[in-house]
Student: 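The structure follows.
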Amino acid sequence: MNKHFLEIENLARRFPSQSGELTVFENANFGIDKGEFVCIIGHSGCGKSTIMNVLAGLDAPSEGNVFMDGIEVAGPSLDRGVVFQNYSLLPWLSALHNVTFAVRSRWPGWSKEQVREHSYKYLEMVGLGGGAELRKPSQLSGGMRQRVSIARAFAIQPKLLLLDEPFGALDALTRGTIQDELVRICDATHQTIFMITHDVDEAILLADRILLMTNGPYARIAESVKVDLKHPRERGKIIHDPGYYPIRNHLVDFLVRRSEELSGGVVAEAPAQAAGAYPIEVNPAARAAPARTNPQASAMDAR
Amino acid sequence: MLQSLNARAALVSIGILVLLLGVWEFANRPPEASEALTEYEILMGGAEQEARVPPPSGVINRAVEELSDPFYDAGPNDKGIGIQLGYSIYRVLTGFFLAAVLAIPFGFLIGMSPLMYKALNPFIQVLRPISPLAWMPLALFIIKDSEASSIFVIFICSIWPMLINTAFGVAGVRKDWINVARTHELSPLRTALTVILPAAAPTILTGMRISIGIAWLVIVAAEMLVGGTGVGYYVWNEWNNLDLTSVIFSILMIGLVGMLLDLALSAATRLVQYEE
């Protein structure tokens with residue numbers, strides 16, 4: 001097995017509860033390569049955010065390890081940037097200072113000018129400038145705030161960027177615009193990204209690979225769906241790609257039906273998902289290809 | 001609209017003031033003597049034997065007189081109101097800032113460490129309800145200096161609101177902001193100074209505002225007890241002189257200075273206030 005840039009091995013997180021222990025997820029195994037954009041989808045309560053907190057180093061796993069670049073993740077690091085769902089901007093600082101705050105902690109030796117210049121570069125990258133960057137977060141719209149948050153995360157040039165439902169709180173139109181910007185930035189920077197989302201279309205637009213989680217508790221990562229659509233992608237055109245709907249149907253089918261069927265706790269799933277097992281690889285877009293060995297993909301065809 | 005609202009409120013305020021002063025002035029008029037005063041009555045100050053609260057006109061005259069030369073110093077028992085207020089303000093500010101220097105770091109400690117919170121909470125709960133003046137005998141005995149003792153009393157009464165508010169503000173800093181500090185690998189000191197301090201500053205300043213209010217209440221009583229100088233001593237001294245006009249005048253000055261202290265702190269609070 002070749003080593004990935006990010007390696008997640010047998011990860012599990014259990015919380016103490018009144019009746020002993022509550023296992024949120026277990027036996028999570030996956031890898032992310034450099035430059036890859038991976039999304040994770042699952043219903044609420046399956047532990048997506050917990051996985052992300054572990055990757056960020058904000059939470060420690062109950063079992064298992066995370067390795068990045070061969071080094072074990074223990075605690076937060078500037079090598080892993082995080083964009084939180086609620087933006088998490090410091091409200092007493094202007095948008096610009098929220099970014100310089102991050103840049104200064106990344107490069108403490110930089111001069112004031114250097115920090116400023118670098119911060120402006122990333123603020124402009126997300127389309128903020130012309131005075132808006134001097135406003136406090138409370139004076140910015142939700143979309144603007146999330147832009148600042150994205151600029152802050154990209155500005156520290158992390159090796160891995162973690163996005164926790166970054167567009168969840170935005171209206172559909174704003175979400176679309178910022179998704180387009182993220183697509184453009186990702187194509188330009190080849191940033192390695194791990195993102196949580198609830199939105200199937202968003203995942204297909206952005207991701208190279210989508211991890212599907214079963215329902216919690218005892219959630220696990222059941223499948224790894226390859227998004228075999230060519231880059232650069234555009235929100236308006238991607239739906240005409242012949243691969244788009246097979247992927248979308250597969251994801252929706254999983255979320256509506258199979259995420260529940262596959263869940264169910266220790267006993268039922270223990271043999272199927274033994275420790276160390278990787279999620280099943282699926283490539284719904286390649287359905288036209290003659291050779292098919294994957295039972296899940298065939299099941300999709302039958303529908 | 002706002003302008004006119006403010007203007008109307010000011011008008012009503014002035015109306016109430018005039019009404020109150022008028023009632024006060026005329027209710028205290030001694031009855032007109034129906035017949036000519038005897039020489040004895042004139043010597044005794046009028047036909048009326050009953051002492052009366054001085055009327056506002058007398059207080060206003062006294063205020064003009066005192067405020068036209070607030071800093072005169074004619075010996076230990078005769079100093080201008082400005083000097084007396086200055087002493088009180090100096091004591092309040094000294095005690096208050098000493099308390100802040102101690103309360104804010106300890107508040108941080110208590111707010112950041114659940115262990116220290118639990119360990120120190122019993123002490124705070126017992127010490128906090130003690131009337132600051134109850135410390136006075138002990139302070140006088142240990143410090144052996146009435147000036148320093150009154151500062152100590154101010155210190156001890158202003159420390160609690162600041163300590164409790166700082167701890168509360170620090171403990172209530174949103175987890176997201178702490179996580180931002182953690183993901184940016186800030187040192188504990190930098191986290192405290194650049195994230196927790198600005199986040200908790202409005203709550204801390206509110207505690208300081210409560211403290212200075214209490215300190216100003218307490219200083220009057222403390223100076224009555226300790227004597228020598230200060231506006232509290234002034235009030236008591238004028239009472240002993242049976243000069244009620246000066247007592248009322250100094251009461252009004254105490255209110256005025258208290259309001260100014262509060263305004264200063266509320267302006268400072270507005271500086272650190274942020275909107276989420």
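The sequence lines fix the lettering, A, B, ..., with proteins before strands; numbering per chain opens at 1.
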Student: Under the side-chain contact (heavy atoms from CB on, under 4.5 Å) test against A:L160, which residue among A:Q191, A:K34, A:M68 passes?
Tutor: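 So, applying the side-chain contact (heavy atoms from CB on, under 4.5 Å) to A:L160 and each of A:Q191, A:K34, A:M68, only A:M68 qualifies.
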Student: If we only count heavy atoms from C-beta on, is the B:R91 to B:V153 side-chain gap below 4.5 Å?
Tutor: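 Of all side-chain heavy-atom pairs linking B:V153 with B:R91, none is under 4.5 Å.
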Student: Between A:F194 and A:F30, is the ring centre distance below 6.0 Å?
Tutor: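 Ring-ring flag for A:F194/A:F30: true, centres closer than 6.0 Å.
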Student: Which residues in residues 264-276 of chain B have any heavy atom closer than 4.5 Å to a heavy atom of chain A?
Tutor: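 Residues in range: B:Y274, B:E275, B:E276.
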Student: Closest approach of A:A155 and A:V99, non-hydrogen atoms and distance?
Tutor: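 Closest heavy-atom pair between A:A155 and A:V99: CB-CG1, 4.0 Å.
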Student: Verify the distance criterion only: is there a donor paired with an acceptor across the side chains of A:Y120 and A:E133 at less than 3.5 Å?
Tutor: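 Checked: A:Y120/A:E133 side chains pair up, N/O donor to acceptor below 3.5 Å.
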Student: Please report the shortest heavy-atom distance between B:S146 and B:V226, naming the atom on each side.
Tutor: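 So the minimum-distance heavy-atom pair works out to CB-CG1, 3.0 Å.
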Student: Do you know the tightest heavy-atom contact between B:E185 and A:P76?
Tutor: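 The pair with the smallest heavy-atom distance is CG-O, 4.0 Å.
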Student: Are there residues of residues 96-135 of chain B whose heavy atoms fall under 4.5 Å of chain A's heavy atoms? If so, which?
Tutor: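 Expected list: none.
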Student: Check whether more than 12 heavy atoms from other residues, nucleotides or ligands sit under 6.0 Å from atom OH of B:Y87, and answer yes or no.
Tutor: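 No.
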Student: Which atoms form the tightest heavy-atom contact between A:R147 and A:V126, and what is the distance?
Tutor: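 Heavy atoms of A:R147 and A:V126 come nearest at CD-O, 2.9 Å.
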Student: I'd like to verify something: which residue of A:N86, A:D79, A:L89, A:I156 has the highest number of heavy-atom pairs under 4.5 Å with chain B?
Tutor: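 That would be A:N86.
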Student: If contact means a heavy atom pair closer than 4.5 Å, which residues of residues 189-203 of chain B contact chain A?
Tutor: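 Residues of residues 189-203 of chain B touching chain A at under 4.5 Å: B:R190, B:T194, B:V195, B:P198, B:A199.
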Student: Counting only heavy atoms not in A:Q114, do more than 12 sit closer than 6.0 Å to its CD atom?
Tutor: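 Yes.
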Student: Taking it one step at a time, do A:I8 and A:V54 satisfy side-chain contact (heavy atoms from CB on, under 4.5 Å)?
Tutor: CA-CA 10 Å; A:I8 285 87; A:V54 171; over 6 Å; no
Student: List for me each residue that meets ring pair (Phe, Tyr, Trp, His ring centres under 6.0 Å) alongside B:F152, sequence neighbours excluded, and say none if there are none.
Tutor: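 Listed in chain order: nothing, the list is empty.
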Student: Chain B heavy atoms under 4.5 Å from A:L93: which part of the residue, side chain, backbone, both or neither?
Tutor: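 When you check distances to chain B, no heavy atom of A:L93 falls under 4.5 Å.
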Student: Would you name the heavy atoms of A:V103 and A:S119 that are closest together and state the gap between them?
Tutor: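 Looking at all heavy atoms of both residues, the closest pair is CG2-OG, 3.6 Å.
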Student: Indicate the ring-plane relationship of A:W107 and A:W110, choosing parallel, tilted or perpendicular according to the 30° and 60° boundaries.
Tutor: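 Parallel, since the angle between the ring planes stays under 30°.
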